[in-house]
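When a ligand or atom number is given, it counts from 1 through the structure's own listing order. Start at 1 with the first residue, then count along the sequence. The structure presented is a predicted model; accordingly, all values stated were derived computationally and were not measured.
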Amino acid sequence: MFQFDDAISSFRLSGEPYLGFLGALHTHLAPRSYLEVGTESGASLAVASCDSIAVDPRFVLQTSATGNRKRTFFFQMPSDEFFASEDVPGLLGRPVDFAFLDGMHRFEFLLRDLIGAEAAGHPRSLILLHDCLPLNPRMALRQFVPGGRSEGHNAQSWTGDVWKLLPILRKYRPDLRIHVLDCPPTGLVAITRTDPASRVLADRYYEIVDEHAESVLDEKQLQSFWEDLNLTPSRPLCAEPDRLTALFSLH
Ligand SMILES: C[S@@+](CC[C@H](N)C(=O)[O-])C[C@H]1O[C@@H](n2cnc3c(N)ncnc32)[C@H](O)[C@@H]1O
């Protein structure tokens, strides 16, 4: 599921790569509505086959981001503006079945995206958070700092501090069911048993931000962060779709 690579002083995940896992979710769960925050080239949007919304302040679409879908709504704006101005279930004709949150890599942004996505869904929605497993302390910083040569292809990777969502959700939302998947490069956090009516994160937003603004992961803290993850192996779920649907069924 994961190992620590001494040569580059980084953790490494060995499950199904995240785009393959996203594709398996679309194929086997058959969501009817999809919301994506952070689209960039369209690689993750391309694997969605249902009515979709994509939000990004700067699209740089390079793949066939519209796939085989009939309806795709593109919102070229920051997600805060999107959630403040748009009626998401109204656009899609139903609440969001499946959301993938991969926008700004700072924890308060992801927290707001989660609040917006959960409110637009239903109790059987699936919300995926990307990049919550930093592989080394540099990647986990709030500012992007490129890695040295010893980091090889990871040198340009930046997860930012969205890893803070895990301790935040454990403390403030024990009602959610959370699986942390071992999908390279930097993990997927799958959230189910959502509650669109919950006000906890919105009402305690400033308290949460104050509590976590200053925290960082040094090497020792990163080690215990990884030891506490209780990772769910993704490859067996892709190989046996019945297990995937049993864990994440949307309907
Ligand atoms: C890592 S990329 C997304 C990659 C894409 N999901 C994929 O898997 O191929 C992150 C994207 O988030 C976008 N982003 C940055 N700030 C944002 C914000 N406030 N709201 C929505 N998207 C944002 C960036 O423009 C960038 O395109």
- Query: Rounded to the nearest 0.5 Å, what separation is found between the CZ atom of R243 and the CD atom of E240?
  - Reply: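 Answer for the CZ-CD pair, R243 versus E240, is 5.0 Å.
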
- Taking S33 for its side chain and D51 for its backbone only, find out whether a donor-acceptor pair lies under 3.5 Å.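 No, S33 side chain to D51 backbone: no donor-acceptor pair under 3.5 Å.
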
- Message: Between S52 and C50 (side chain of the first, backbone of the second, donor and acceptor by atom type, cut-off under 3.5 Å), is there such a pair?
- Response: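 Side chain of S52 to backbone of C50, a donor-acceptor pair under 3.5 Å: yes, one is there.
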
Less than 3.5 Å between some nitrogen or oxygen of [X] and one of ligand 1, yes or no?
{"X": "G38", "result": "yes"}
{"X": "S79", "result": "yes"}
{"X": "D56", "result": "yes"}
{"X": "S44", "result": "yes"}

Relative to the heavy atoms of [X], which atoms of ligand 1 are at a distance of less than 4.0 Å?
{"X": "T39", "result": "5 (C)"}
{"X": "A43", "result": "9 (O)"}
{"X": "V37", "result": "21 (C)"}

Starting from [atom], what is the nearest protein heavy atom, named by residue and atom, and what distance separates them?
{"atom": "atom 4 (C) of ligand 1", "result": "D102 OD2, 3.3 Å"}
{"atom": "atom 23 (C) of ligand 1", "result": "P57 CD, 3.2 Å"}
{"atom": "atom 12 (O) of ligand 1", "result": "G103 CA, 3.4 Å"}
{"atom": "atom 16 (N) of ligand 1", "result": "M104 CB, 3.5 Å"}

- Task: Have a look at ligand 1 and work out which part of Y18, if any, has a heavy atom under 4.0 Å from it: side chain, backbone, both or neither.
- Result: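 Only the side chain of Y18 comes within reach of ligand 1.
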
- Part of D113 with heavy atoms under 4.0 Å of ligand 1, whether side chain, backbone, both or neither: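 It is neither; nothing of D113 touches ligand 1.
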
For [X] and [Y], take the angle between the two ring planes, folded into 0 to 90°, and tell me which bin it lands in: parallel under 30, tilted 30 to 60, perpendicular over 60.
{"X": "F100", "Y": "H130", "answer": "tilted"}
{"X": "F11", "Y": "W226", "answer": "parallel"}
{"X": "W158", "Y": "F144", "answer": "perpendicular"}

- Item | For F248, all residues meeting ring pair (Phe, Tyr, Trp, His ring centres under 6.0 Å), sequence neighbours excluded |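 Per chain and number, F248 pairs via ring pair (Phe, Tyr, Trp, His ring centres under 6.0 Å) with H179.
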
- Closest heavy-atom contact between Q221 and V216?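 In terms of heavy atoms, the two residues are closest at OE1-O, 3.1 Å.
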
- Item | Ionic contact status for K164 with E211, cut-off 4.0 Å |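 Here E211 does not pair with K164 in a salt bridge, since their nearest N and O are not under 4.0 Å apart.
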
